[in-house]
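A short worksheet on the structure shown next.
As the structure lists them, so they are numbered: ligands from 1, and atoms in each ligand from 1. Values below: every heavy atom of this structure, side chains too, minus hydrogens, waters and symmetry copies. The structure presented is a predicted model; accordingly, all values stated were derived computationally and were not measured.
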Amino acid sequence: MDFSTFNRPHFIQKAVGSQYDLLVIGGGITGAGIALDAASRGLKTALVEKNDFSSGTSSKSTKLIHGGLRYLKQFEVALVREVGQERAIVHKLAPHLVTAEKMLLPLTEDGTFGKLMTSVGLMVYDILAGVESADQRIMLDKNEALEKEPLLNKEEVIGGGLYAEYRTDDSRLTMEAIKTAVSHGAICLNYTEVIDFKYADGKVNKAICKDLLTDEEVIISAKKIVSAAGPWVDELRDKDGSLKGKKLHLTKGVHLVFPQNKLPVKQAIYFDVPDGRMIFAIPRGKITYVGTTDTDYYGDKNKILTEKADAQYLIDSINNMFNDINLTIDDVASTWAGVRPLIHEEGKSASELSRKDEIFESGSGLLSIAGGKLTGYRKMAEKIVDVVMEKLEDSEGLEFVKCKTKTIAFSGGPFEHAEAVAQYRESIGKRLSSHKLNKYHAWYLVATYGKQSDPILEKFNELESQFKSAEEALLEAEIEYCLKNEMVASALDFIIRRTGRLFFDIDSIAQHKEFILNSLSKKLNWGIERENAQQEAIDLAIFEASEIFKG
Ligand code: FAD
């Protein structure tokens, strides 16, 4: 059955009438990874997400699948090794979504790392991550560094290091993990919030949920419940009466997006800022984005806004490294801001906190997982599903099955390797060129949907003559695809989390918002009241993404 909003009543009915081995709370990358791991080991699995899939931190990251070079500086060798090795695995599972990206680390006279330290550090980084020799770091002299990136400050730069990282779209990665979990039998429901728990003999065995689209109560029974609620993990521990000992420490991170012509970097750069931190500038399609900040956060987790101090910090940092650019706040096209769900450590500042993940088990048997990184989602899932399997083996006599996700390709694939993605992109480009659509459209389709571009293009061919431009026909085909296969229930699901348009192509929303709204409204039978509410939601999202707020 299609993973479609139209089938939601059926999925809810099934969820209510079943007894699950595992219920996962949270549809960010952590929960999605757990659902996939558990379902592929044969566990009867359900997942509930209170908002849309990836609407929490998993759509607000720097979108890198990286080993975290800076953690090497903090001597977190095991963490760097684990996430470093995961990069290559996740790249193999979804090469259209996790793409190799050479990162330039410019060296300056008084930068974080000297030449020798950088050379040794990057070498250790490569070794820990098991990077193949052809991809290992190269040290550059001043001219070579400036050739790679002519925008760098010519007075300051003395050389650079070029090393291997991977780039992704966090929301798409989460969505494909969810869809792959569903293809292994998991039930995954968005807009379904856990509001309380039920217990038998002191052990948690039911989650009382609210279906936020119908306001109905949905009770889901499961032998084990895992909370992967990211920044909301402590709230669920509190509901369970088990919020004791270690707690979360939330830190805020902001990204600014500039049109390519305002910040025309040729390639991804990881550079020093005057306060001793480092930030990224990453070109992507029509834009370059820059981030991130790292500050303690105590505000509303459901509404995290980019404030003036965050934006000015990033702009000053860019202008310091790219000294001919002179960016101002007016050049910002859009922004996004999220919070890291880290584990509190006494006396440590935001950027000193470890990115290690941890599992908590309460007296009632509620398991919670927090900390960690997007990059390490697969390993985190393996760890906690191992725990779940051991417990089910003890209590239910279920046979322990080992993790299988190292070889489960994500939906959108499989592709044998990155070259196969390039060939596929070229073939899509050829198919589009006769319709006045360009290379950008081919890149966008393949980076977003992988091989799922095929059904989108088939629909496009069918629809083209009915629309006033090829671009609109393609958009319509995309909307139909997402409604049928990606559980889109609102305009924001489509423009933010399925397509990334709000962050990577905000102008296209201003241009097409009426079209998107009308198309969704017609297909989902919204009626005028719901349509107006959705219109307001789009306008607010555009406002919040493009406005810099007073701190
Ligand atoms: P979330 O994505 O927040 O998911 C938790 C979900 O639980 C949410 O969707 C929420 O709605 C849901 N939920 C909460 N309560 C309930 C409830 N009661 N019922 C149902 N659902 C509920 N990592 C990297 O590897 N690479 C990077 O480049 C990177 N950059 C980052 C930059 C920034 C600014 C930030 C903030 C983080 C970055 N990270 C990065 C870290 C990474 O993004 C996070 O570790 C990861 O996204 C956390 O995912 P999660 O699923 O645990 O949490």
Next on the checklist: With heavy-atom distances below 4.0 Å as the criterion, list the atoms of ligand 1 near K63.
Outcome noted: 28 (O)

Next on the checklist: Considering non-hydrogen atoms of the protein only, which is the closest contact for atom 3 (O) of ligand 1, and what is the distance?
Outcome noted: T57 N, 2.9 Å

Checklist entry - Can you tell which part of R355 has a heavy atom less than 4.0 Å from ligand 1: side chain, backbone, both or neither? => result neither

Next on the checklist: Please classify the K60 to ligand 1 contact at 4.0 Å (heavy-atom distances, strictly less than): side chain, backbone, both or neither.
Outcome noted: backbone

Next on the checklist: So which atom in L236 and which in F197 form the shortest heavy-atom distance, rounded to 0.1 Å?
Outcome noted: O-CE1, 3.7 Å

Item to check | K303 bridged to D300 by N-O distance under 4.0 Å | outcome: no

Next on the checklist: On a heavy-atom basis, I'd like to know which of S54, C209, G372, S58 is closest to atom 48 (C) of ligand 1.
Outcome noted: S58

Next on the checklist: With a 6.0 Å cut-off on the ring centroids, do F549 and F543 count as close?
Outcome noted: yes

Checklist entry - Is the closest heavy atom of T192 to ligand 1 under 4.0 Å? => result yes

Checklist entry - Applying a 4.0 Å heavy-atom criterion (strictly less than), which segment of V254 is in contact with ligand 1: side chain, backbone, both, or neither? => result neither

Checklist entry - Does the distance from a Lys or Arg side-chain N to an Asp or Glu carboxylate O, for R497 and E486, drop under 4.0 Å? => result no

Checklist entry - Do the side chain of K203 and the main chain of G363 share a donor and acceptor less than 3.5 angstrom apart? => result yes

Item to check | Where ligand 1 meets H66 - atom numbers and elements under 4.0 angstrom, heavy-atom basis | outcome: 26 (N), 27 (C), 28 (O)

Checklist entry - Should one rank Y297, W232, F53 by closest heavy-atom distance to atom 15 (N) of ligand 1, which comes out on top? => result W232

Next on the checklist: Can you report which non-hydrogen protein atom sits closest to atom 42 (C) of ligand 1, along with the distance?
Outcome noted: L374 N, 3.6 Å

Item to check | Atoms of ligand 1, numbered as shown, that sit under 4.0 Å from any heavy atom of T292 | outcome: 34 (C)

Checklist outcome for this item: for atom 37 (C) of ligand 1, nearest protein heavy atom and its distance come out as R340 CG, 3.6 Å

Checklist entry - Could you go step by step and tell me if H66 and F280 meet the ring-ring contact (aromatic ring centres under 6.0 Å, His included) rule? => result CA-CA 12 Å; H66 65 152; F280 294 96; 5.8 Å; yes

Item to check | Test item, K239 contacting ligand 1 (heavy atom, 4.0 angstrom) | outcome: no

Next on the checklist: I need the atoms of ligand 1 closer than 4.0 Å to a non-hydrogen atom of S61, numbered in the order shown.
Outcome noted: 29 (C), 30 (N), 31 (C), 32 (C), 33 (C), 38 (C), 39 (N), 40 (C), 43 (O)

Checklist entry - Salt-bridged, D357 to K383, with N to O below 4.0 Å? => result yes

Checklist entry - Looking at T168, L97, V98, which one forms a side chain to side chain contact (heavy atoms under 4.5 Å, CB included) with H91? => result V98

Item to check | Ligand-residue contact atoms, ligand 1 with T375, heavy atoms, under 4.0 Å | outcome: 24 (C), 25 (O), 26 (N)

Next on the checklist: Over 60° means perpendicular and under 30° means parallel, so tell me whether Y289 and H255 are parallel, tilted or perpendicular.
Outcome noted: perpendicular

Checklist outcome for this item: With heavy atoms and a 4.0 Å threshold, my read on which part of A32 contacts ligand 1 is neither

Item to check | Geometric class of the Y125/Y163 ring pair [parallel <30°, tilted 30-60°, perpendicular >60°] | outcome: perpendicular

Item to check | Contacting atoms of ligand 1, where contact means under 4.0 angstrom from a heavy atom of G56 | outcome: 2 (O), 3 (O), 9 (O)

Item to check | Geometric cation-pi criterion K44 and Y20, 6.0 Å radius, 45° cone | outcome: yes

Checklist entry - Within the distance-only criterion (no hydrogens, no angle test), does the side chain of T335 pair as donor or acceptor with the backbone N or O of A545 below 3.5 angstrom? => result yes

Checklist entry - What is the nearest protein non-hydrogen atom to atom 50 (P) of ligand 1, stated with its residue, atom name and distance? => result T30 OG1, 3.2 Å

Checklist outcome for this item: Note: V339, heavy atoms under 4.0 Å from ligand 1, region reported as backbone

Next on the checklist: Closer than 4.0 angstrom, basic N to acidic O: yes or no for E217 and K210?
Outcome noted: no

Checklist entry - For ligand 1, which atoms sit closer than 4.0 Å to a heavy atom of G338? => result 36 (C)

Item to check | Which of the ligand 1 atoms, numbered from 1, are nearer than 4.0 Å to a heavy atom of G253 | outcome: 34 (C)

Checklist outcome for this item: Honestly, for L64 the part within reach of ligand 1 (heavy atoms, under 4.0 Å) is both

